[in-house]
Amino acid sequence: MARVVIVGCGVVGAMLAYELGQSGLEVCVLDQQSPAQGSTGAALGVLMGIISHKVKGRSWRLRETSLHRYETLIPELEERLGRKLAFNRQGVLNLCFDAAELPRWQSLQQIRQTQGYTLEIWTPAQVAKACPHLALGNVAAGIYSPQDRQIDPTALTLALVEAAQQQGVHFQWDHSVTGIDSLPSGGVAVHTPQKTLEADSAILAAGIGTTTLTQQLNQPIEISPVLGQALRLQLPAPLGNPQFQPVINGNDVHLVHLGQGSYWVGATVEFPAETDPQWLLVEQRQQELLDAVL
């Protein structure tokens with residue numbers, strides 16, 4: 001039986017473990033901490049495929065394949081685990097503030113129609129009717145994608161781990177990978193402070209930790225950290241129409257309903273070289289997020 005070692009257990013590592021665990025392979029996942037503690041735990045889980053302007057090539061194919069897989073994955077996990085997963089199927093609404101951008105959206109709408117997807121262009125009046133809580137003074141149109149989705153990445157990762165464990169996948173936490181060597185036999189040796197695992201192949205899903213490991217294999221892949229700010233707000237009740245709570249995006253700020261009047265607001269994108277080395281602008285960035293939604 002072929003053996004695969006996966007390094008890292010964010011949503012990517014957990015998904016790989018789940019899928020490979022169904023294929024008859026012996027799978028072991030290593031992580032220096034518990035699952036979803038890195039960038040996965042900070043993600044908003046917005047699945048933007050149809051509303052993105054990627055319409056061809058590898059990037060679009062990956063997005064489209066992912067969207068299709070989520071539609072089968074979530075009910076599959078719910079059946080296996082015997083519980084519901086919060087999966088927002090109410091789409092994504094993008095607020096367009098520049099009327100000059102409308103021809104570009106209209107072109108995308110036509111392309112999506114030929115691909116079999118729905119993309120609606122709403123007038124400000126239609127946006128106001130659907131989402132009465134929004135201030136629309138500068139909004140030229142709303143672009144609504146009913147087939148895009150949102151899911152809590154941490155909850156999804158934990159569900160994938162649990163389902164993979166049921167399939168016999170082994171997870172070992174508190175195992176920091178210190179190195180990977182190629183074996184003369186064609187396999188790999190994965191080293192941790194506790195032990196060395198030999199496998200037919202290793203998959204690196206360790207986020208920024210991947211850079212060091214690929215350097216040891218003389219195949220360096222540079223992955224740099226990106227800082228982002230997001231807030232979680234708890235309100236007495238959902239905003240606007242409780243029955244219609246899509247992800248709302250405007251000026252690259254997302255408003256994500258989590259249920260029971262709870263929302264994520266975010267996120268900024270800050271590259272370390274562009275900010276103070278100590279990232280001392282956190283309060284300023286958070287205030288910018290609040291200003292964007294108030």
Side-chain angles (χ1 to χ4, degrees), residues 10-11 35-51 67 70-71 73-75 77-78 81-97 120 122-139 141-160 162 227-269 282-294:
V11 67
Q37 296 300 301
S39 58
T40 292
L44 301 182
V46 182
L47 311 176
M48 300 177 69
I50 297 160
I51 206 169
L67 285 173
Y70 272 107
E71 295 303 313
L73 174 67
I74 303 307
L77 289 172
E78 290 176 338
L81 302 178
R83 67 173 185 270
K84 300 294 289 183
L85 293 175
F87 186 46
N88 190 336
R89 292 178 169 89
Q90 296 188 326
V92 173
L93 174 62
N94 184 82
L95 302 179
C96 174
F97 295 93
E120 302 174 9
W122 292 355
T123 65
Q126 289 174 304
V127 176
K129 182 177 180 180
C131 302
H133 58 292
L134 296 179
L136 302 177
N138 297 319
V139 172
I143 317 301
Y144 179 56
S145 175
Q147 293 161 292
D148 282 319
R149 302 287 185 254
Q150 185 274 333
I151 193 166
D152 182 336
T154 298
L156 174 61
T157 300
L158 296 177
L160 289 166
E162 184 178 345
L227 181 67
Q229 310 293 339
L231 303 175
R232 181 160 182 163
L233 306 180
Q234 182 62 54
L235 305 179
L239 297 167
N241 180 0
Q243 304 306 314
F244 184 63
Q245 294 285 318
V247 172
I248 298 174
N249 174 62
N251 287 333
D252 292 325
V253 175
H254 291 85
L255 181 66
V256 180
H257 186 230
L258 304 174
Q260 307 300 315
S262 182
Y263 291 86
W264 277 332
V265 179
T268 60
V269 176
V282 171
E283 291 186 5
Q284 176 185 332
R285 298 290 186 172
Q286 291 178 348
Q287 187 60 50
E288 289 174 1
L289 288 176
L290 284 176
D291 291 343
V293 296
L294 294 179

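One is the number of the first residue; the rest follow in order along the sequence. What you see below is based on every heavy atom in this structure, not just the backbone, and it leaves out hydrogens, waters and symmetry mates.
Between Gln245 and Pro242, the shortest heavy-atom distance links the atoms CG-O, 3.8 Å. Considering every non-hydrogen atom in both Thr157 and Pro35, the closest pair reads CG2-CB, 4.1 Å. Across Leu239 and Tyr263, no two heavy atoms sit closer than the pair N-OH, 2.7 Å. Residue Ser262 comes nearest to His257 through the heavy atom pair O-CD2, 3.4 Å, listed as atom of the first residue, atom of the second, then distance. Residue Ile50 comes nearest to Ser145 through the heavy atom pair CB-OG, 3.6 Å, listed as atom of the first residue, atom of the second, then distance.
With a 4.5 Å cut-off on side-chain heavy atoms, Tyr70 and Arg89 do not count as touching. Arg149 has its side chain out of reach of Ile74: every pair of non-hydrogen atoms, C-beta onward, lies at least 4.5 Å apart. Side-chain contact between Asn249 and Val46: absent, with no pair of heavy atoms (C-beta onward) separated by less than 4.5 Å. For the pair Leu160 and Leu73, the minimum side-chain heavy-atom distance is below 4.5 Å. Side-chain atoms of Leu156 and Asp152, non-hydrogen and from C-beta on, never get closer than 4.5 Å to each other.
Tyr144 pairs by the ring-ring contact (aromatic ring centres under 6.0 Å, His included) definition with Trp122, Phe244, not counting sequence neighbours. Checked against salt bridge (Lys or Arg N to Asp or Glu O under 4.0 Å), Glu120 has no partners two or more places apart in sequence or in another chain. Not a single ring-ring contact (aromatic ring centres under 6.0 Å, His included) links Phe97 to another residue, sequence neighbours left out.
Note that CG of Leu233 and CG of Leu258 are 9.5 Å apart. Values are rounded to the nearest 0.5 Å. In this structure, CG in Leu136 is found 12.0 Å from CD in Gln126, a value given to the nearest 0.5 Å. Rounding to the nearest 0.5 Å places CD of Gln90 at 8.5 Å from CG of Asn241. Interatomic distance, CG of Asn94 versus CD1 of Ile51, reported as 4.5 Å (0.5 Å rounding). Note that CZ of Arg232 and CH2 of Trp264 are 6.5 Å apart. Values are rounded to the nearest 0.5 Å. Once rounded to the nearest 0.5 Å, the distance linking CG of Leu255 with CG of Leu44 reads 10.5 Å.
Considering Val92, Asp148, Leu93 as possible partners of Val247, the one that fulfils the side-chain contact (heavy atoms from CB on, under 4.5 Å) test is Val92.
At most 12 heavy atoms of other shown residues, nucleotides or ligands fall within 6.0 angstrom of atom CD in Gln260. Around atom CG of Asn138, no more than 12 heavy atoms belonging to other residues, nucleotides or ligands sit under 6.0 Å away.
Looking only at distances, a side-chain donor or acceptor of Glu78 sits under 3.5 Å from a matching main-chain atom of Leu85.
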